[in-house]
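See below for the structure under consideration.
Just so we're on the same page: letters track the sequence lines, and every chain starts at 1.
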There are 2 protein chains.
Amino acid sequence: MAQSDTVDRILDAAEELFAERGFSETSLRMITGKAGVNLAAVNYHFGSKKSLIQAVFARFLTPFCTALEEAFDRLEAESAPEPPCLESVLRVLTSTLVEMPRQHDRSIAIYMRLQGLAYTQSQGHLRRFLESEYSHTFGRFMRLLKNATPELSAVERYWRNQFVLGATAFTLSSSDALTEILWNKLGVDTPIEEIVDQLVPFLASGMQAHTVAYGNTKESDSGV
Amino acid sequence: MAQSDTVDRILDAAEELFAERGFSETSLRMITGKAGVNLAAVNYHFGSKKSLIQAVFARFLTPFCTALEEAFDRLEAESAPEPPCLESVLRVLTSTLVEMPRQHDRSIAIYMRLQGLAYTQSQGHLRRFLESEYSHTFGRFMRLLKNATPELSAVERYWRNQFVLGATAFTLSSSDALTEILWNKLGVDTPIEEIVDQLVPFLASGMQAHTVAYGNTKESDSGV
DNA sequence: TTGTGTTTCAAACGTATGTTTCAAACAATT
DNA sequence: AATTGTTTGAAACATACGTTTGAAACACAA
């Protein structure tokens with residue numbers, strides 16, 4: 001039990017520090033200091049700083065992907081034989097995202113910010129790790145989006161998906177700060193559920209924006 | 001002439017390395033090595049690494065904001081007495097963004113990625129520097145957005161603005177990587193102008209998505 | 001040419017990083 | 001109680017970083 005305690009303390013501290021400072025800017029001494037454990041414990045339990053970073057992601061991404069797959073199962077069962085509509089797919093994603101950290105008594109902002117960092121900070125090893133571990137769930141989400149927007153070409157859908165991910169990751173990762181700014185400006189408080197309620201229609205409407213024609217787009221094989 | 005040459009070589013190298021690796025992951029030795037100048041030259045000409053980072057941003061952000069203000073002037077003159085519509089405001093922003101680096105014979109992706117990093121990487125000194133130098137232009141952009149979406153409540157507009165910034169910063173900052181992924185998947189290349197052409201309708205449509213009614217939203221004073 | 005202010009250069013400085021070491025403490029089994 | 005395998009602890013390691021130094025090279029006016 002002593003081991004699991006040290007491991008968890010390190011993961012807790014690392015999670016928080018990584019989220020608020022980034023990976024390179026967070027030293028192992030900060031982490032072990034905050035966790036109240038010996039410096040060598042990180043290399044003993046995790047092997048290296050890189051492995052620790054991956055472990056932080058695995059601890060919340062694995063249960064999240066499990067929950068998301070289950071939610072997708074329910075969604076597809078409900079709407080069968082039709083594929084689920086765009087807005088319902090987006091809502092399943094965001095509400096699973098919002099529910100997950102609540103069960104673990106943590107702020108969602110931490111996970112969102114970590115997710116954002118995974119995209120932003122170069123960290124080649126992290127990108128490779130995430131791709132090898134969670135590409136299945138991610139691929140399923142992409143497939144659901146595809147079936148919900150059959151009118152889009154593959155290229156259009158790809159970029160609009162990136163816009164969706166960007167708006168989501170950016171907003172939710174800074175949601176605490178943004179909520180506070182709005183409070184100072186207008187005296188209005190926005191709980192995370194309400195942010196999501198604003199976000200989903202925005203994204204759905206953006207995804208279904210009218211297509212623009214381009215010179216070098218082959219209209220013929222838009223089905224790929 | 002020798003000075004200005006060294007200064008520019010450092011700025012060129014720093015710009016490129018910062019864009020592809022981030023600030024903390026780029027050492028002064030990498031920069032001076034790539035620039036072909038002595039290590040001490042950075043501290044001699046710029047004083048510190050922080051000042052160098054700010055100088056990199058100032059070199060492209062100052063002319064960009066000048067160009068943007070002029071473009072806003074033209075836009076407001078054209079559409080007077082009506083305020084410019086949402087899509088035209090967004091397009092003026094993005095097209096100025098696309099035109100700027102072309103005049104300096106540089107890849108736009110570098111500046112996009114730098115702009116994204118400015119949001120993402122914490123770097124308190126950079127945020128303070130950008131705010132003190134360029135808040136005027138940013139404020140004007142926000143005011144144009146407000147006048148282009150009079151139907152939105154202040155709270156709605158605030159959050160949708162964040163969605164817009166998030167999708168833009170996220171996508172454009174990773175545009176190279178995302179373009180490469182799409183190339184590997186579909187064999188399609190997307191120049192930056194085309195990404196922007198996809199982005200603008202997405203954002204405009206999202207900003208104008210139909211409003212949802214909330215229980216605790218006061219409908220009466222939506223004009224604040 | 002001499003003198004003066006500026007710019008370059010190799011080398012070093014002090015500090016912080018990730019990692020390793022090895023002895024001590026601990027937990028559990030025999 | 002003795003022995004084993006596991007976990008902690010303080011200290012040191014090697015390396016990389018941003019920055020400073022002081023002498024040499026340079027540009028250019030007097």
Side-chain angles (χ1 to χ4, degrees), chain A residues 1-59 114 117-118 121-129, chain B residues 1-59 114 117 121-126 128-129:
Chain A
M1 196 99 315
Q3 174 215 340
S4 129
D5 193 52
T6 300
V7 168
D8 282 341
R9 292 167 68 88
I10 292 175
L11 286 173
D12 288 344
E15 185 173 87
E16 212 162 315
L17 287 170
F18 283 154
E20 68 186 32
R21 309 181 38 98
F23 303 119
S24 316
E25 292 83 357
T26 303
S27 71
L28 294 184
R29 284 168 177 83
M30 291 179 197
I31 295 171
T32 53
K34 175 166 189 150
V37 305
N38 189 271
L39 168 63
V42 168
N43 283 280
Y44 175 75
H45 286 289
F46 297 94
S48 68
K49 186 181 181 180
K50 287 184 179 180
S51 303
L52 171 63
I53 295 175
Q54 296 178 7
V56 166
F57 276 84
R59 188 171 66 153
L114 284 176
L117 287 181
Q121 316 239 134
S122 48
Q123 296 284 353
H125 70 97
L126 219 197
R127 193 174 287 232
R128 263 173 273 127
F129 169 76
Chain B
M1 198 101 308
Q3 175 215 340
S4 127
D5 192 52
T6 300
V7 168
D8 281 341
R9 291 167 69 89
I10 292 175
L11 285 173
D12 288 344
E15 185 173 87
E16 212 163 314
L17 287 171
F18 284 153
E20 69 187 32
R21 307 182 40 98
F23 304 119
S24 314
E25 292 82 357
T26 303
S27 71
L28 294 184
R29 284 169 176 82
M30 292 179 195
I31 295 171
T32 53
K34 175 165 190 151
V37 305
N38 188 271
L39 169 62
V42 168
N43 284 281
Y44 175 77
H45 287 289
F46 296 94
S48 69
K49 186 181 181 181
K50 287 184 180 180
S51 302
L52 171 62
I53 295 175
Q54 297 177 7
V56 166
F57 276 83
R59 188 171 65 152
L114 284 176
L117 287 181
Q121 316 240 132
S122 48
Q123 295 284 353
H125 71 97
L126 220 196
R128 261 174 276 127
F129 169 76

Mutual orientation of the aromatic rings belonging to B:F23 and B:F18 [parallel < 30°, tilted 30-60°, perpendicular > 60°]: perpendicular
Report yes if at least one side-chain N or O of [X] is closer than 4.0 Å to OP1 or OP2 of [N]; otherwise report no.
X     : N      : result
A:S27 : C:dA16 : no
A:H45 : D:dT8  : yes
B:N38 : C:dA10 : yes
B:T6  : C:dT7  : no

Between [atom2] of [N] and [atom1] of [X], the distance in whole Å:
X     : N      : atom1 : atom2 : result
A:F46 : D:dT8  : CZ    : C1'   : 15 Å
B:K49 : D:dT20 : NZ    : P     : 15 Å
A:E25 : C:dG18 : CD    : P     : 11 Å
B:L28 : C:dA11 : CG    : C1'   : 17 Å
A:I10 : D:dG9  : CD1   : C1'   : 13 Å
B:K50 : D:dG18 : NZ    : C1'   : 11 Å
A:R29 : D:dG9  : CZ    : C1'   : 14 Å
B:N43 : C:dA10 : CG    : P     : 16 Å

Closest nucleotide among D:dC17, D:dT19, D:dA11 to the A:L39 side chain: D:dA11
Rounded distance (nearest 0.5 Å) linking atom [atom1] of [X] with atom [atom2] of [Y]:
X     : Y      : atom1 : atom2 : result
A:F57 : A:L52  : CZ    : CG    : 11.0 Å
A:M30 : A:L17  : CE    : CG    : 7.5 Å
B:N43 : B:L28  : CG    : CG    : 6.5 Å
B:H45 : B:R9   : NE2   : CZ    : 11.5 Å
B:I53 : B:H125 : CD1   : NE2   : 4.5 Å

Regarding B:T26, tell me which of base, sugar-phosphate or nothing describes its non-hydrogen contacts under 4.0 Å with the strands shown. sugar-phosphate
Categorize B:A40 for me: base, sugar-phosphate, or nothing, with a 4.0 angstrom heavy-atom threshold over every strand shown. base
Could you work out how much the helix from C:dT1-D:dA30 to C:dT30-D:dA1 bends, comparing the axis of its first five pairs with that of its last five, to 10°? 10°
When B:F23 and A:Y44 are each assigned the nearest nucleotide of DNA chain D, the 5'-most assignment goes to A:Y44
What is the minimum heavy-atom distance between A:E15 and A:V56, and which atoms define it? CA-CG1, 4.0 Å
